[in-house]
Every structure is written in C-alpha cells, then in structure tokens.
Amino acid sequence: MKKRVLVSGGAGYIGSHVTVELVNAGYDVLVADNMSNCDMTCFEGVKKITGKDDIPFECIDCCDDAAVQKLFSDYRIDAVIHFAAYKAVGESVAEPVKYYRNNLDSFLNILEASKTHGGCNVLFSSSATVYGETDELPVTENSPRKPATSPYGNTKQICEDILRDVVKASAVYEPMEQGASRNGQIKGIALRYFNPIGAHPSALIGELPRGVPNNLVPFITQTAIGKRECLSIFGNDYPTPDGTCLRDYIDVVDLAKAHVAAVARMLDGKMKESYEIFNIGTGRPVSVSELVTAFEKVNGLKLNYKYTPRRPGDVMAIWADPSLANEELGWTAERTVEETLASAWAWEKHLAENR
Ligand code: UFG
C-alpha cells in the first residue's frame, strides 16, 4: 500500500515544492493549510506540475486541536511534514505572543494527534536560525545552538526540543518494526534549512510574499520587475571579503528533495536514532553582493541597488556543513545558484503575466 504523507502548510512556498516531489516519488499526499499566508495559486500549480487533480486538500488551522484530531481520524497518516508556522523574523519581535501561540500550538496538536492515533513519523521544518550568532563555520549539527535572536527563532528551537522529548517518551513502547508507525512510537527528524530561494523550473509555483518582502531574493525580483524602486543591501562594512553578509542559499527544489529523502528514511526504517537532525544547505557561502551580481548576469539585466546601514539582528555569516545529510540521506544540493536565480526571475515574470 502506498504510504501517505500529511503536509501541514502544504499550500505555501516550501510546502508546495515538497508536495510536488512527494507525489513524483510515488507517495500519497494530503495537504492541510489554513491559507493564512498564501492563496490557492501554488496548490493549483502543484496539480498542474504533477498532473494529479485529486490531491486531497483540507483547509484547516493546525491550532484547532479538534480539526487536527479529525484529520488523523479521517485519513491513515504514515508521516507528517510540519510546515504550518509563521516565519517573519521582524514580525515575531513585534508580536511574540502571536508567534509562540501559533507555532507551538500547531506543532503540539500535530504531535498529540500523532500519539492518539498510534504513533507517526514526524518531520519538522526547522531553520539554521537555531544556531543563533554562531562563530563555528561552517556549522555542523553538533555546533552549539546559541540563544535565538528572535521569538521566531526561539519557536524553532523550542519545537525541536519538544519533538526530541516526545520521541524519547514514545520510545518506551515496543521497538518499531521496519517502517511501521502504528505501535505508539513517534520518530522525528528536524531539517535545519539555510536560506531557501528560487522556484520550480516550470515557474508554476514559487514564493508569494505578502506586502514588502523581508527576504533578499523576492526583494531582488520585485525590484527587477519594477514593483520596488531600489534594493537596499544591508551593510557593506562587515569583515567579510566584500563587506556584505555571507549566506548559504539553497534551491527550493533541492530542499524539497531533501524532505523526500528524509521521509523515505523514516518510512523505510533506516533511521539510526529515533530523533535525527540534518543541516540542509549547499556548504557554499555566497555574499549579498555576489548574489546580486549573479542575478544580473544570469538574467541579463541591471538591478537598481544601494548600500544602506546594517539590518539589526543580522548575523554576519552562516553556512552549512551539509556532509551529514549528504552521507545519511544520500542527498546533495544540485542546482547552481545561477539556475536558481533564473528560476526566481521566471517565477516573478510568471506572476506579472498571470495575476
Ligand atoms: N538583505 C539585504 N536586503 C534586503 C533583504 C536582505 O541586503 O532587502 C540581506 C540580509 O541583510 C542578509 C541576506 O540578505 O545578509 C539574507 O537575508 P534574508 O532576509 O533573505 O535571510 P536571513 O538570512 O536574514 O534569514 C533567513 C530566513 C529566516 C531564518 C534565517 C536564519 O529568512 O527564516 O535565515 O537562518 F531564520
């Protein structure tokens, strides 16, 4: 029987790319989303890309305990990938209660329903933000987690810890058979993403920022298309080779494939520990200036940009050591930053023509 994967937040940016890759890999996928930060554009795109018109979609809020319980009663769920969370760093600083309430409640409800329905394999969408102001570069999974620099980052740290504890508590049941998820046991993987960027090569799904984008690449593409006048590069006086910050930009389709590899590891009984953590990045630091120049070159255009003061809260440099994911998941980032930036631009143009 095909395994079914619940993707909470599956209509969003990363969730929609993951849904495509799961369907392509032969899984039954169930998408749940409350549409609080997206519309049906990406879910419609997922159906077009996969050619599957009948992917089940449930419009529920994972903070609604009863709705999550009902979801688990209505469908046999073998694994959950939990994306449903708020993700704007600045907003989380201004509205911490909103972030703690939403991001913790939704995950707790997923875990509780997993338990009451006989156990499950749970993949948590975490972030490199859990490393805080790290000075160990590149960061490995064993690099210490420094205090979070925002409530958003803190929710990622707390949710990782909750998953670790829940997995530990459930291990008192009988050991899990190969891939079985019905003996009360909960197994967990946290994927720590670096900076996801880009869009599907079909240009049918991509990032849909609400209002002024916080993140670099949507700001670049919106500037290039004329929605924004000028990109501000936040700080060119960092002690880095060109003075701008260094990040590890991971292509969203590569990132999605890492989820498929992690889900397969859980469902095929290949985990070495009941709770595992993997960095998902390329291992290559790229500066903001380099990214802007690469965008201009690959897309043959000139971007209007200026250097402005540093953005409060930014870390100077962070990039991954992805070797654990490379070895254990058999996964490696494949797309070049140029290909990814071309896909981001194609998506922005698709939006301009279709919305
Ligand atoms: N930047 C600019 N101008 C902009 C936007 C960003 O110069 O208009 C710069 C930032 O200063 C930073 C780099 O581009 O140096 C990347 O910034 P993003 O906002 O795109 O990404 P961050 O690295 O700040 O944040 C990302 C995710 C968070 C996550 C964090 C930590 O968006 O969810 O990585 O790993 F928490």
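These numbers come from the heavy atoms of this one structure, side chains and all, not from hydrogens, waters or symmetry mates. Remember, it's 1-based here, ligands and their atoms both numbered in the order they're listed.
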- Report the part of Ser127 (side chain from C-beta onward, or backbone N, CA, C, O) that has a heavy atom under 4.0 Å from ligand 1; answer both or neither where that applies. side chain
- Message: Tell me whether Asn103 contacts the main-chain N or O of Tyr86 through its side chain, where contact means a donor paired with an acceptor under 3.5 Å.
- Response: yes
- Message: Looking only at protein heavy atoms, which one is nearest to atom 3 (N) of ligand 1, and what is the separation?
- Response: Ser232 O, 2.7 Å
- Query: Does Thr129 approach ligand 1 within less than 4.0 angstrom via side chain, backbone, both or neither, non-hydrogen atoms only?
  - Reply: both
- Query: Does Phe194 approach ligand 1 within less than 4.0 angstrom via side chain, backbone, both or neither, non-hydrogen atoms only?
  - Reply: neither
- Item | Options Ile233, Asp248, Leu216, ranked by nearest heavy atom to atom 14 (O) of ligand 1, top entry | Leu216
- At a 4.0 Å threshold, what atoms of ligand 1 neighbour a non-hydrogen atom of Arg311? 5 (C), 6 (C), 10 (C), 17 (O), 18 (P), 19 (O), 24 (O)
- Message: Is there a polar contact between ligand 1 and Leu231, counting only N or O atoms under 3.5 Å apart?
- Response: no
- Please work out which of Gly281, Gly153, Cys245, Ser126 has its closest non-hydrogen atom nearest to atom 15 (O) of ligand 1. Cys245
- Note on the structure: Checking heavy-atom distances from atom 21 (O) of ligand 1 to each of Thr134, Asn195, Ile197, the winner is Asn195
- Message: Just to be sure I read this right, does ligand 1 sit under 4.0 Å from the backbone of Arg247, its side chain, both, or neither, counting only heavy atoms?
- Response: side chain
- Note on the structure: Heavy-atom proximity to atom 1 (N) of ligand 1, picking from Phe219, Tyr305, Phe234, Tyr238, points to Phe234
- Between Asn215 and ligand 1, find which residue part has any heavy-atom pair under 4.0 Å and reply side chain, backbone, both or neither. both
